[in-house]
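For ligands, and for the atoms within them, numbers begin at 1 and follow the listed sequence. This is a predicted model, so every value here is computed, not measured.
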Amino acid sequence: MTDMMKTFVMKTIGEVGFMEKPVPVDPGPTGAIVKTTRALVCTSDTHTVGGAIGERENLTLGHEAVGTVHRLGREVKGVQVGDRVAVNAITPCYTCANCLRGYTSQCQQMLGGWKFANIKDGNFAEYFHVNNAEANLAPIPDAVPDEAAVYTTDMMSTGFMGAEHGNIPLGGTVAVFAQGPVGLMATAGARLLGAGQVLAVETRPKRQKLARHFGADVVIDFRKVNPVEAILDMTGREGVDTAIESLGSEKTFQDCIKVTRPGGTVSNIGYHGKDEFIGIPRQEWGVGMSDITIRTGLCPGGKVRMRRLLRLIETERIDPTPMTTHTFSFDELDKAFHMMETKEDEIIKPLIRFD
Ligand SMILES: [Zn+2]
Ligand SMILES: [Zn+2]
């Protein structure tokens with residue numbers, strides 16, 4: 001008899017629900033099966049269900065999870081059954097041409113490192129399969145609880161990448177547009193990398209408070225002031241060294257260009273889930289000759305990066321758990337998912353408990 005497990009799936013565009021599926025039994029020679037202990041719901045999951053990457057049928061959602069190793073492929077070294085592990089949302093193969101070029105998130109094809117809840121079942125399930133497990137399973141240090149470790153799987157990796165791609169000079173100025181969980185981690189990352197002034201753009205009160213907590217010097221409420229004018233005023237009309245787009249809207253992307261000084265960097269981490277084109281404001285872009293760099297990227301994965309992110313929690317450089325505004329059992333995931341769609345009760349991150 002096949003053991004069955006509970007999963008939470010995208011049935012079709014615009015429709016989600018619980019579904020029984022067989023427990024995955026065969027990890028394959030290089031894979032692993034992980035028993036889920038904690039997961040986070042991501043706004044990206046709601047974009048996926050909204051149709052951002054096209055139609056999917058009964059695909060298990062979720063890409064931010066930690067757990068314990070349940071089964072291991074015979075070729076996997078460095079971890080044991082029973083180990084607590086974090087698995088990044090992005091699980092590259094580390095052998096294809098794009099991986100060998102160093103762009104592992106673009107594994108095999110553009111965005112191809114993103115496998116969970118995209119090209120294979122995700123981890124809103126009691127068990128999930130991990131490909132290339134030796135590279136993609138990151139043991140969690142004893143001192144780091146699952147509730148904190150789960151933030152390394154996307155929010156910390158993506159948010160910090162926004163800052164890392166920003167070429168922030170020590171003491172430099174940084175503007176971070178939107179303080180959702182990824183933007184909050186971009187703010188924290190800018191501070192960790194030595195920014196001298198972090199200007200965060202956000203209107204929701206709970207997010208404004210967390211922005212200050214994670215290192216913003218000033219929070220600009222775009223409903224009260226024009227953020228571009230405010231940022232230019234605060235930087236002596238020079239503009240910032242680095243602008244980080246962490247919303248995924250054309251307006252904020254354009255604002256990033258407008259506030260970045262010549263030679264500065266616009267670092268995009270927002271998920272631009274709609275419309276055919278993103279326009280660039282021509283004049284502020286120096287008619288294409290401003291020496292402004294536009295960087296893009298997708299949540300870097302792999303155990304080496306994960307180990308560094310976990311170390312930052314272990315050594316108390318950062319505690320991501322204040323972003324957990326709500327906690328649900330797995331049975332209540334439908335409710336958590338709905339709240340992520342509507343952002344009601346100022347939800348930032350719902351933590352899902354599997355025990
Ligand atoms: Zn995510
Ligand atoms: Zn690859």
Side-chain angles (χ1 to χ4, degrees), residues 8 10 16 28 30-31 36 38-50 52-53 59-66 86-125 128 130-136 149-162 178-186 189 246-248 268-273 297-306 309 320 323-326 333 336-337 339-341 343 347-352:
F8 186 77
M10 168 177 174
V16 294
T30 60
T36 317
R38 295 287 183 277
L40 294 163
V41 185
C42 185
T43 301
S44 302
D45 292 308
T46 68
H47 290 314
T48 299
V49 172
I53 57 172
L59 177 75
T60 304
L61 291 164
H63 55 265
E64 303 180 12
V66 296
V87 184
N88 192 280
I90 303 305
T91 51
C93 74
Y94 295 96
T95 53
C96 73
N98 281 349
C99 281
L100 292 173
R101 289 187 184 103
Y103 296 94
T104 55
S105 293
Q106 320 301 335
C107 177
Q108 293 168 4
Q109 58 182 342
M110 194 186 293
L111 311 186
W114 174 21
K115 303 185 195 301
F116 292 130
N118 180 14
I119 58 172
K120 68 185 274 188
D121 277 337
N123 38 37
F124 289 162
F128 63 96
V130 181
N131 60 280
N132 305 90
E134 190 167 330
N136 286 314
V150 70
Y151 278 98
T152 63
T153 64
D154 186 355
M155 299 298 97
M156 283 173 64
S157 192
T158 299
F160 288 0
M161 177 195 74
Q179 294 290 281
V182 161
L184 288 167
M185 289 300 94
S246 49
L247 184 65
N268 185 84
I269 47 178
Y271 179 133
H272 293 269
L298 168 68
C299 183
K303 70 180 175 188
V304 172
R305 179 171 181 82
M306 294 295 281
L309 298 175
M323 290 190 289
T324 303
T325 50
H326 297 71
L333 212 158
F337 195 88
M339 287 182 74
M340 259 336 234
E341 286 175 324
K343 299 287 186 285
I347 194 165
I348 296 179
K349 277 305 239 190
L351 178 76
I352 309 300

(request) Measure the CE-CG distance between Met323 and Leu184 for me, rounded to the nearest 0.5 Å. (result) 6.5 Å

(request) Please tell me if the side chains of Thr30 and Glu134 come closer than 4.5 Å, counting only heavy atoms from C-beta onward. (result) no

(request) Rounded to the nearest 0.5 Å, what's the gap from CD1 on Ile352 to CZ on Phe124? Could you check? (result) 6.5 Å

(request) Take the Zn ion (ligand 2) as the vertex and measure to SG of Cys107 and SG of Cys96; round to 10°. (result) 120°

(request) Could you check which N/O/S atom of Glu64 is closest to the Zn ion (ligand 1)? (result) OE2

(request) Could you grab the angle centred on the Zn ion (ligand 1), going from NE2 in His63 to SG in Cys42, to 10°? (result) 110°

(message) From the N, O or S atoms in Asp154, identify the one nearest to the Zn ion (ligand 1).
(response) OD2

(message) Quick one about His63 and Asn123 (side-chain donor to acceptor, distance below 3.5 Å, no hydrogens or angles considered), yes or no?
(response) no

(request) For the Zn ion (ligand 1), decide whether Asp45 has an N, O or S atom at a distance under 2.8 Å. (result) no

(request) Could you confirm whether Cys299 has any N/O/S atom lying under 2.8 Å from the Zn ion (ligand 1)? (result) no

(message) Under 3.5 Å, is there a donor on one side chain and an acceptor on the other for Lys343 and Thr43?
(response) yes

(request) Could you tell me the angle subtended at the Zn ion (ligand 2) by SG of Cys93 and SG of Cys99, rounded to 10°? (result) 120°

(message) If we ignore hydrogens and angles and just use 3.5 Å, is the side chain of Asp45 paired with the main-chain N or O of Cys42 as donor and acceptor?
(response) yes

